[in-house]
Amino acid sequence: MEEGGLNSQKLSLFYESGTYFFHDSNAVFVDPVRVLNRSYHRFRVSPSTYYSRFFKSPTPNPVSSTVTSSLTKRKRKRKPKEPQPLNERELIALQRHQEARPLLLAAHECLLKSTELLNALKTLKSESSCSTAECEGGQHSFVDLGGVAPQLEVTLSLHVRDADIDPRQPPNDLEDLPSVQCCEQKVLPVFNNLVANDTKDDAMAEILNNRYIMPRESCFYMSDLGQIRNLIPAHADSGFNLIMVDPPWENASARQKSRYPTLPSRYFLSLPIKQLTHTEGALVALWVTNREKLRCFVERELFPAWGVSYAANFYWLKVKENGSWICDLDLFHHRPYECLILGYSPGKVNNTNHQSKFKPVKNDRVIMSIPGDYSRKPPIADLLLEHVPGLKPPRCIELFAREIIAGWVAWGNEPLYFQDSKYFVRKMDQ
């Protein structure tokens, strides 16, 4: 196939799946909105709310004479500060960056050469595959509510399909939909309780008059760190094969802007990764910032405490809609990338005849995307599935989750944060 035809085929697959694989490269581009929307039937993640940070339209404002006069004043020149010598930890961080730099540059070059993909990126925020209506929503702080309203309840509305109908239940106003016969409602505790949407359709969760959208076959457990052991399965063969962890690392920016509560690193040592691991083992994927202190902590203390052996390192490279970095690649204290450290948690099955085959994960993969809201990671589960040991499809869980993925268990003190209906649009034809 000629190069032009191959690129067109890859672009068509990108529109369908949300993932673009570059030829002869370890790099990939992901559109999180398209990936997430494969999990929903009656709702869609809103591109305009997801990409609100990096698709800002310039809105010229009239400049007052006061502002104009102040801008024309000559600014006092400041004497440039002498650069301070790097300490030992900063030198190690710089060395890590220099090792990653060629990989990131090569991946970025692939993106810049893909003209068709670059043209598609410019329309990501405005694109919609169907007629939609905006969903109204607010925002509750579940971190605060957990302390003042521990008995809070959620009303879960499940769209039950033909096979799940209770013939004794009277029909309702949804029965004209071809694939839905009735809406079953459950009232459940919000905190310290597994809330599940076990249907193959979207579910609506209502809490204090605010609505949240749950993808198909998903569940969440909202609690603080002290209750996480309630998720440990009674039997290891009911454990998880893929464990994603996005810890609220101590972070000056998050603290100053009150984005979310953070925890000291030592708290993460107690996460029961071994007990959550399936009998046949698990792939553990850990998001970590570029602070060298944290990288050392993960390598020397955290993975050993979890019983996890290091396997590979992925990079999430953040770009704008025009393909440029979100900031200078070599900016020391604010790199345009984050790291995903991968490792394996061993299971309890020693006989290899009982273990399913999986493809060993390769090091140094670069995943590019336009970032969403602060701290929101791209949905990359599909890129990890072939490296997951054990069950197919695997049992998956995300720890410290702030959104829910179809087929996954989400645990944290605010797993519904990005499930708020304000982040979604409703399909008009549903």
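Numbers for residues simply follow the sequence, beginning at 1.
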Taking atom CD of Glu16 as the centre, report whether more than 12 heavy atoms of other residues, nucleotides or ligands fall under 6.0 Å from it. no

Would you confirm whether the ring centroid of Tyr212 sits within less than 6.0 angstrom of the ring centroid of Phe220? no

Determine whether Leu111 and Leu317 satisfy the following criterion, side chain to side chain contact (heavy atoms under 4.5 Å, CB included), listing intermediate values before the conclusion. CA-CA 11 Å; Leu111 175 61; Leu317 181 58; over 6 Å; no

Backbone of Cys110 reached by a side-chain donor or acceptor of Ser114 within 3.5 Å: no

Cys296 backbone acceptor or donor facing Glu299 side chain under 3.5 Å: no

Worked verdict on Ile380 versus Trp316 for side chain to side chain contact (heavy atoms under 4.5 Å, CB included): CA-CA 10 Å; Ile380 60 167; Trp316 172 32; over 6 Å; no

Taking all non-hydrogen atoms of both residues into account, name the closest pair between Tyr221 and Leu194 and its distance. CD1-N, 3.5 Å

Is there a donor-acceptor contact under 3.5 Å from the side chain of Arg96 to the main chain of Glu292? no

Taking the side chain from Asp201 and the backbone from His159, do they hold a donor-acceptor pair closer than 3.5 Å? no

Between Glu301 and Arg266, is there a side-chain N and carboxylate O pair less than 4.0 Å apart? no

Once you measure the plane-to-plane angle for Tyr20 and Phe14, does it fall in the parallel (<30°), tilted (30-60°) or perpendicular (>60°) bin? perpendicular

Side chain Asn241, main chain Arg395, donor-acceptor under 3.5 Å: yes

Is Lys392 reaching over with its side chain to a backbone N or O of Gly390, donor-acceptor style, under 3.5 angstrom? yes

Taking the six-membered ring of Phe303, is the NZ or CZ of Arg300 close enough (under 6.0 Å from the centre) and on axis enough (within 45°)? no

Ignoring hydrogens and angles, tell me if any N or O in the side chain of Ser223 forms a donor-acceptor pair with the backbone of Asn192 under 3.5 Å. no

Nearest non-hydrogen partners of Asn413 and Phe142, listed with the distance: O-CB, 3.6 Å

More than 12 heavy atoms of other residues, nucleotides or ligands under 6.0 Å from CG of Asp328: yes or no? yes

Would the number of heavy atoms belonging to other residues, nucleotides or ligands and lying under 6.0 Å from OH of Tyr267 be above 12? no

Would you say Asn197's side chain and Pro215's backbone share a donor-acceptor pair under 3.5 angstrom? yes

Candidate pair Lys377 and Glu403, rule salt bridge (Lys or Arg N to Asp or Glu O under 4.0 Å), full reasoning: CA-CA 10 Å; Lys377 304 301 190 297; Glu403 67 183 322; over 6 Å; no

Do the charged groups of Asp373 and Arg402 touch, with an N to O distance under 4.0 Å? no

Evaluate the criterion side chain to side chain contact (heavy atoms under 4.5 Å, CB included) for residue pair Lys293 and Arg89; output intermediate values, then yes/no. CA-CA 7 Å; Lys293 180 180 179 180; Arg89 186 174 289 162; 3.8 Å; yes

Give a yes or no on whether a salt bridge exists between Arg101 and Asp330, defined as a side-chain N under 4.0 angstrom from a carboxylate O. yes

Residue pair Ser265 / Phe297: nearest heavy atoms and the distance that separates them: O-CZ, 3.3 Å

So, for Leu94 and Arg335, which heavy atoms are closest and what is the spacing to 0.1 Å? CD1-NH2, 4.2 Å

Which heavy-atom pair separates Gln185 from Ser157 by the least distance, and what is that distance? NE2-OG, 3.2 Å

For Asn37 and Arg44, indicate whether the former's side chain and the latter's backbone hold a donor-acceptor pair under 3.5 Å. no

I'd like to know whether Asp31 forms a side-chain hydrogen bond (donor to acceptor under 3.5 Å, both in side chains) with Tyr51, so could you lay out the CA-CA distance, the side-chain angles of the two residues, the decisive distance to 0.1 Å, and finally the verdict. CA-CA 10 Å; Asp31 172 16; Tyr51 290 122; 2.4 Å; yes

Would you please test His97 and Tyr337 for side-chain hydrogen bond (donor to acceptor under 3.5 Å, both in side chains) and show each step? CA-CA 10 Å; His97 173 69; Tyr337 62 89; 2.7 Å; yes

Look at the side chain of His278 and the backbone N and O of Glu280, then say whether any donor-acceptor pair between them is shorter than 3.5 Å. yes

What closest approach, in Å, do Phe314 and Leu384 show between heavy atoms, and which atom pair accounts for it? CE2-CD2, 3.9 Å

Taking the six-membered ring where the residue is Trp, are the ring centres of Phe424 and Tyr40 under 6.0 Å apart? yes

